[in-house]
Amino acid sequence: MNPNDIPISAFVPEAQALSAPTCEAAVLSILVSFPDVLDSVGDRLHAECFTVAENRLMYTTIVAQISAGRGCDVVSLMQALQGQVEPQYIHAVTTSHDYGARGLKAHVDTLVDLHQARALYGASFKLAELAHGEGPIAERIDQAQAAVQALEVQGGEDEWVDAYTAAVEHTELIEKRHEGAITGIATGLHDLDEMLDGGLVRGNLIVIGARPAMGKTALAMTVGLSMATHCSVGMLSMEMPHSDVRDRQAAILGRISIGDIKRPGRGQGLDYSRVSDAVERSRSLKWFVSDRSGLNIQQVRSMARKLKRTRGLDVLIVDYIGLMEGLDRKQPRAYQIEEISRGLKGLAKELDIVVICLAQVNRGAAEKAMQPPGLHELRDSGAIEQDADVVAFIHRPVAANPSLSGDWANYALMRVAKNRQGRIGDLHLFYRGETTTFEQWEGGPPTLAPIATPARGRGML
């Protein structure tokens, strides 16, 4: 349904409905008399905001002439619209307002509001069709949310900021940082927070890449559960079901061997006091988990919005991007990943949250037993590297080379390979496999023992 085909009187007060054509004529008259004011309203005002067909044609022509630098007056407008709009109508509209340009903003506000109201009224028919339609209800709800989201008003206030205004506002921001009113979100890993100048920053997309079994999920849960003590954290676990996530949650919070949790009757048995401690610690956490799999970016966006609205959301963990689906599954996988990564970055900015996204790397990275992967080895698409604000890789040399000495058993290297707003470099972490947690590494990293060379005999002279 075309919103402009809906009578205004169907959803607005009669007085407001009657004022619409008057506002349209006033706006057109002002634009003809003062062409320079188009820049102040052009980002909000569109032809669809006009309900009268002749007014839509006139607005489109006025904009085209002003944009082409030809100027605009009654005569040129009549010539451009000859055979489409009666000259008498053009003359009546363009002379309907002679009070200067001061009332333009109020008239444009009225036209935009009425256009949005018509669009909302039209969307209600779309929602009714989806409610009574066929197909999975989840998909119909997603389409309904997309229809409502499309109604968001674009433009409005001036989006350009001059240097002095920006400098003053930034000084205020620095003062708030100095006073501690604005800080990064601490991860619980001190060296990582230092590398990121205070922690994770809202609006950022953080990508953590690694080969399988290197500890991506363990790192995400270690950091996530730590942050959940002072902010709201959501985790989309598309790889592990709720039962596995809860096993790890109990192991991390209670510092219990995950083997004892899975098989509590073996050996010395499970220390239930630690289980109780984990339960008590979870009471104060703002930690929310969903194990829905195969989500697309629209579904992730919808779930994140709902969580933020109902329970709050500061950090969203996506485990992992390779398990997400594109909106169009027929598209190449690289295109789907690009769509997903761009959507996750947009979601971080839209909701003012941190998005932590886990990612796999290409098989070629497994050949480098002692070195972490590089940016070029992120799987499926280079868009992940481009969209991310921070990219870090986790590598445990002993997992790639089991013959290493015992000094390497708990060592993990985190390489911050991209940091849009700060430093890059290597961090040393301690991986405690029995509880699937990462901690600070004390002292220097382990080193490879020199390989002894056999003594050479003199042989025969």
Side-chain angles (χ1 to χ4, degrees), residues 1-126 150-162 165:
M1 175 177 291
N2 186 343
N4 287 317
D5 294 337
I6 304 170
I8 302 176
S9 58
F11 50 88
V12 298
E14 182 177 358
Q16 192 176 9
L18 292 174
S19 69
T22 304
C23 285
E24 294 180 15
V27 168
L28 294 172
S29 178
I30 292 173
L31 290 178
V32 170
S33 302
F34 307 94
D36 292 341
V37 301
L38 176 64
D39 293 337
S40 65
V41 298
D43 61 333
R44 300 183 61 213
L45 188 62
H46 305 283
E48 293 78 10
C49 296
F50 295 84
T51 58
V52 180
E54 290 82 356
N55 292 347
R56 288 197 292 272
L57 282 171
M58 290 177 63
Y59 178 73
T60 302
T61 305
I62 290 171
V63 171
Q65 292 189 183
I66 293 176
S67 300
R70 297 196 300 268
C72 186
D73 54 45
V74 178
V75 175
S76 63
L77 200 57
M78 288 181 179
Q79 291 175 343
L81 294 173
Q82 187 174 7
Q84 301 180 69
V85 181
E86 291 294 329
Q88 295 86 345
Y89 182 84
I90 296 175
H91 182 269
V93 168
T94 55
T95 58
S96 65
H97 189 280
D98 57 357
Y99 306 109
R102 287 177 297 178
L104 179 63
K105 183 179 183 302
H107 293 317
V108 170
D109 288 344
T110 299
L111 296 186
V112 172
D113 288 350
L114 288 173
H115 173 62
Q116 290 294 318
R118 293 194 301 273
L120 180 60
Y121 188 74
S124 68
F125 289 92
K126 175 67 173 178
L151 301 177
E152 182 180 355
V153 180
Q154 300 294 327
E157 299 181 0
D158 190 2
E159 297 177 355
W160 294 95
V161 181
D162 64 86
T165 301

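Because the structure is a prediction, the values reported are computed rather than measured. These values consider heavy atoms only, across backbone and side chains, with no hydrogens, waters or symmetry-generated copies.
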Please find the pair of heavy atoms, one from [X] and one from [Y], that lie closest to each other, and give the distance.
X     : Y      : answer
Leu77 : Val32  : CD2-CG2, 4.2 Å
Cys23 : His107 : SG-ND1, 3.7 Å
Thr94 : Ser29  : O-OG, 2.8 Å
Tyr59 : Leu45  : OH-O, 2.9 Å

Indicate every side-chain donor-acceptor pair of residues 79-89 with a distance under 3.5 Å to a residue at least two apart or in another chain.
residue : atom : partner : partner atom : Å
Tyr89   : OH   : Asn55   : OD1          : 2.8

Legend entry - Any side-chain heavy-atom pair of Glu54 and Val93 under 4.5 Å: no

Inset, instruction - State, yes or no, whether a side-chain contact exists between Gln65 and Thr61 at a heavy-atom distance under 4.5 Å. - result: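 Yes; the side chains approach each other to less than 4.5 Å.
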
Atom pair [atom1] ([X]) and [atom2] ([Y]), whose distance is rounded to the nearest 0.5 Å:
X      : Y      : atom1 : atom2 : result
Leu28  : Leu57  : CG    : CG    : 11.0 Å
Met78  : Asp73  : CE    : CG    : 10.0 Å
His115 : Phe50  : NE2   : CZ    : 11.0 Å
Leu31  : Leu104 : CG    : CG    : 6.0 Å
Glu24  : Leu111 : CD    : CG    : 5.5 Å

Legend entry - Pair Thr110-Asp113, side-chain donor/acceptor within less than 3.5 Å: no

Legend entry - Those residues that, when tested against Lys126, pass salt bridge (Lys or Arg N to Asp or Glu O under 4.0 Å) (two or more places apart): none

Inset, instruction - Could you tell me whether the side chain of Arg56 and the main chain of Thr51 form a donor-acceptor pair under 3.5 Å? - result: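 It does hold such a pair.
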
